[in-house]
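Heads up, the thing below is written out as structure tokens.
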Amino acid sequence: MKKIVNAITVLTMVATLSACSSAKSSAGYTGETTGTAKGMNGDVTVTLTLKDGKITDCTAEGKDETPGKGDVAIEEVTKQIQSTGKITVDATSGATVTSDAIVEAAKAALTSAGLNPSDFE
């Protein structure tokens with residue numbers, strides 16, 4: 001019985017360590033990565049460019065978002081991400097859903113590159 005408990009303990013520790021190490025360190029990461037999230041009227045796709053682990057560019061597309069609101073959010077939120085290098089940004093008034101979708105798509109982009117989005121908050 002004691003051997004079974006020890007074996008379960010060891011397996012649990014291995015699984016925990018594996019889960020903790022699945023995301024790459026953002027330090028030194030260079031490349032382009034894309035993610036998608038649901039916006040107000042359709043998908044919003046974000047492409048992030050990183051150099052040496054820092055966000056250097058951010059573009060977004062949401063062709064079905066509300067004209068005059070969603071497109072303004074796409075412009076404003078991507079500028080904030082690009083200028084701050086962070087994905088925690090202020091939502092655009094009147095376009096909260098689109099703003100949130102941009103942030104979620106940015107998180108998805110970072111995750112798809114094997115990076116931890118919380119490193120960019």
Side-chain angles (χ1 to χ4, degrees):
M1 183 69 170
K2 191 172 185 180
K3 286 183 181 183
I4 293 173
V5 171
N6 286 341
I8 291 172
T9 302
V10 169
L11 289 173
T12 303
M13 290 171 55
V14 168
T16 302
L17 290 174
S18 295
C20 290
S21 64
S22 63
K24 296 181 207 171
S25 166
S26 62
Y29 181 87
T30 297
E32 200 171 85
T33 183
T34 301
T36 303
K38 183 75 174 150
M40 184 68 171
N41 299 314
D43 287 341
V44 174
T45 301
V46 170
T47 301
L48 298 175
T49 304
L50 289 90
K51 184 173 181 180
D52 297 326
K54 302 209 181 310
I55 297 172
T56 59
D57 193 23
C58 177
T59 59
E61 181 183 309
K63 62 182 169 102
D64 296 323
E65 295 306 284
T66 308
K69 292 188 179 191
D71 53 348
V72 172
I74 288 171
E75 182 179 335
E76 290 180 0
V77 174
T78 55
K79 281 183 183 178
Q80 287 182 63
I81 292 172
Q82 184 176 349
S83 67
T84 65
K86 304 288 182 192
I87 59 172
T88 304
V89 294
D90 295 329
T92 300
S93 180
T96 305
V97 173
T98 302
S99 299
D100 290 345
I102 295 166
V103 171
E104 290 304 312
K107 288 179 181 179
L110 293 166
T111 300
S112 75
L115 301 172
N116 186 350
S118 65
D119 291 344
F120 299 89
E121 291 182 345

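Taking the side chain to side chain contact (heavy atoms under 4.5 Å, CB included) definition, one finds that T56 meets it with T49, K51, sequence neighbours left out. The salt bridge (charged side-chain N to carboxylate O under 4.0 Å, His left out) check on E75 picks up K79, with sequence neighbours excluded. With sequence neighbours excluded, the residues forming a side chain to side chain donor-acceptor pair (under 3.5 Å) with N41 are T66, listed by chain and number.
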- Task: Before giving the answer on side chain to side chain contact (heavy atoms under 4.5 Å, CB included), spell out for T78 and T59 the whole-Å C-alpha distance, their side-chain angles and the decisive distance to 0.1 Å.
- Result: CA-CA 6 Å; T78 55; T59 59; 5.8 Å; no
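Linking Ile, Leu, Val, Met, Phe, Trp and Tyr whenever their side-chain heavy atoms come within less than 4.5 Å puts Y29 and L110 in one cluster.
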Under 3.5 Å donor-acceptor pairs involving side-chain atoms of residues 97-106, not counting sequence neighbours:
from	atom 1	to	atom 2	distance (Å)
T98	OG1	E65	OE1	2.5
S99	OG	T92	N	2.9
S99	OG	A95	O	2.9

Acceptor/donor pairs from residues 33-40 side chains to any protein atom, 3.5 angstrom cut, sequence neighbours excluded:
from	atom 1	to	atom 2	distance (Å)
T33	OG1	A109	O	2.6
T33	OG1	S112	OG	3.0
T34	OG1	T47	OG1	3.2
T36	OG1	T45	OG1	3.4

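Side-chain contact between V72 and I74 is absent, with no heavy atoms from C-beta onward closer than 4.5 Å. Looking at I87 and K107, their side chains come closer than 4.5 Å, going by heavy atoms from C-beta outward.
A distance of 11.5 Å separates CZ in F120 from OG1 in T84, rounded to the nearest 0.5 Å. The CD1 atom of I81 lies 12.5 Å from the CD atom of E76; values are rounded to the nearest 0.5 Å. Distance check, rounded to the nearest 0.5 Å: CD of E32 to CG of L48 gives 9.0 Å. For the atom pair L115 CG and S118 OG, the distance stands at 10.5 Å (nearest 0.5 Å).
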